[in-house]
Amino acid sequence: MPRAPLRSGRWTLRPSDCAAGRAWSPPSSSGSSYGKGRAPDSSSGAYGCPGSFPAEFLAAAHHPMAGSEPGCWAVRVLTSGRALLLIDGIDEAPAERRELVRGQIDALQRTFPGNRWVVTSRPTAVRERWLAAQGFTELTLAPMTRDQVSRFIRSWHAAAASDPGTDHSRLPHYERRLLHSVRLIRELRGLATNPLMCSLICALNRDRSGILPRGRKALYKAALAMLLERRDPEREVDADGIVIDREAKERLLQKLAHWMLLNDLTEVDRTTAVSILDLYLPAIPSAGRQGTPEELFDHLLHRTGLLRMPTPGVVDFVHRTFQDYLSAKEAVERHDIRFLINNAHRSDWDEVIRMAVSLARPDECAQMMEELVSARPGLTAAEAKYCKLLASACLEHATEMSPETREMVRQRTRFIVQPDGLDSARGLGWIGPIALELLPDPEKVFDDRALLLAATAAGVRDDAAIDYLVRLRDRRSLAVRAELAGAWRRFDTERYAEEVIAHLDPDDLYFTVTGPEEMAELRRLGGRERIQVAELLTPGQLVEGLVADRLTHLYLLVHDARRDLGPLSAFPRLTTLRLGRHVGPVRGVPEGVRVERDGA
């Protein structure tokens, strides 16, 4: 049977590979036209084909078709401009080597022009417009909305009904309890922002028969108990003959996480990981007598669910937050408070610091908070401000803190949440609900200031933010109203519709919808003239979900070019179709509808 040709490609390249020197770099430009948009003849071997980057893309990604692709296929796809490349997690490269990664990206772009590139990073790991010179547009990936989380939970439980479990009759009950808990428990909502964490929460909820703990520390503690203590015994799995109690396994993982924290790493090679275990095994004899360091490492890798090997010989934690939790726990147990404080100004340590505050003893917690809000030599003004913001964020995580310490932090940070622009306002949401207490009365400011307050409060993913935003809903400023309308997806759909959307003056305002739930609420409110659609919905869904005789302006931020827009003729008053800058050509637009395009 002939092999089907590979016509295009998608690859993921980890920046840690670039930073470690494992990625491709162009040969000397002497005598060549590299960097000028023209690539040399691939037959010359200048691309390293075969046997080097980019020829090993599929093998590096563990693609099932690795080795079966035609010779130099990757180079041909890249040269023709048909590739989509994802460079995932710039923040995982050490800070001092990120410029090297940027140089690698620039060299690849110039050598293989015309391809699609997506580069991801934690927002604070690189400066704004870090890749602007390379032609990149900067976007922020929004957390999962309430409706998306609800849909995910339902889909997860539907899939679980076909697994080998014995509790299938209880799954509907677990699903209902979890949907209710996600709406009520703030900490749970704060964690359920991406598919990986949603999966963990679903599994933990099932494991605990629908009863979830409250609070970040309690959630991670329960998750570790499920993964380290109960996961294999309850499934009667004993694959390698090694039996280690939960505390010993957690201690070994703490040592590994803490070593990675000390060395500013998010992944480590297998040999180093084994040597770290070897170093600490004499102090943990209950684990040491179970096998060699190599055998114990394999046990932790394959049986805990916390470690993974994304590329051969390289190990990392399945999610960065587990590494942060375990390293913070180890630092607190070692009384390394000074070590934590000395690194608190680093944005990639914010989760470690917050976890440490929740785990610290009362006197250590007070010491950390005092140091975070006090002047320290060697910090820039921006770093000192960041530490104060972090102290505000930590207030809700402290298990025990004296009223005097809490009030001291509030007093020293009460003026710190004063955004001077939209970007800074939208970047303050990570502080959490405490930010709402630090914002001024929104009814006593002018419209330009009200816009910044709306952007700040809208970034706080907590229903307490709705109470603050309600006080801005009567503003006439179109910019303020647009900020409020665009924040709908972050909050409970029905409550936000009742308390905010229903009260916004619709004059010239596009109301943003991201799915059928929001369209249904707008229908209940009688529809609106201007609708902005921020999700990929079919014309049929739009016709079904929007009020036909109300719509006059439709704004599509995304659109499937294969879909004919003819069904929009069902909207008799539609006069204008506005298209986002990334929407390609459209067809079937009803006669008489004017098409506008962003940036045109």
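Every value quoted in this text rests on a predicted model; they were computed, and no experiment measured them. Computed over heavy atoms, backbone and side chain alike; hydrogens, waters and symmetry mates excluded.
Looking at Arg406, its side chain does come within 3.5 Å of a backbone N or O of Leu395 through a donor-acceptor pair. For Arg597 (side chain) and Gly584 (main-chain N/O), a donor-acceptor pair under 3.5 Å exists by modelled atom type. Of the possible donor and acceptor atoms, none in the side chain of Asp316 sits under 3.5 Å from a partner among the backbone N and O of Thr266. The main-chain N or O of Met355 is never found under 3.5 Å from a side-chain atom of Asp324 such that the two would form a donor-acceptor pair. At distances below 3.5 Å, not a single donor-acceptor pair connects side-chain atoms of Thr576 with backbone N or O atoms of Arg594. Judged by distance alone, the side chain of Arg550 and the main-chain N or O of Gly526 form a donor-acceptor pair under 3.5 Å. Of the possible polar contacts, none joining the Arg475 side chain to the Leu504 backbone as a donor-acceptor pair under 3.5 Å is found. No donor-acceptor pair under 3.5 Å is formed between the side chain of Arg412 and the backbone N or O of Lys388. Within the 3.5 Å criterion, the main-chain N or O of Ala458 finds a donor-acceptor partner in the side chain of Arg490. Arg489 contributes no side-chain N or O that, together with a main-chain N or O of Thr514, makes up a donor-acceptor pair within less than 3.5 Å.
Within 6.0 Å of CZ in Arg587 there are more than 12 heavy atoms belonging to other residues, nucleotides or ligands. In the displayed structure, Arg116 atom CZ is contacted under 6.0 Å by at most 12 heavy atoms of other residues, nucleotides or ligands.
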- Message: Could you go through Phe317 and Phe322, starting from their C-alpha distance and side-chain angles, then the distance that decides it, and tell me whether this counts as ring-ring contact (aromatic ring centres under 6.0 Å, His included)?
- Response: CA-CA 7 Å; Phe317 282 85; Phe322 283 117; 8.1 Å; no
- Go through the steps to decide whether Leu372 and Val409 satisfy the test side-chain contact (heavy atoms from CB on, under 4.5 Å), and finish with yes or no. CA-CA 9 Å; Leu372 285 173; Val409 173; over 6 Å; no
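Taking Gln134 as the reference, nothing meets the side-chain hydrogen bond (donor to acceptor under 3.5 Å, both in side chains) condition, with sequence neighbours excluded.
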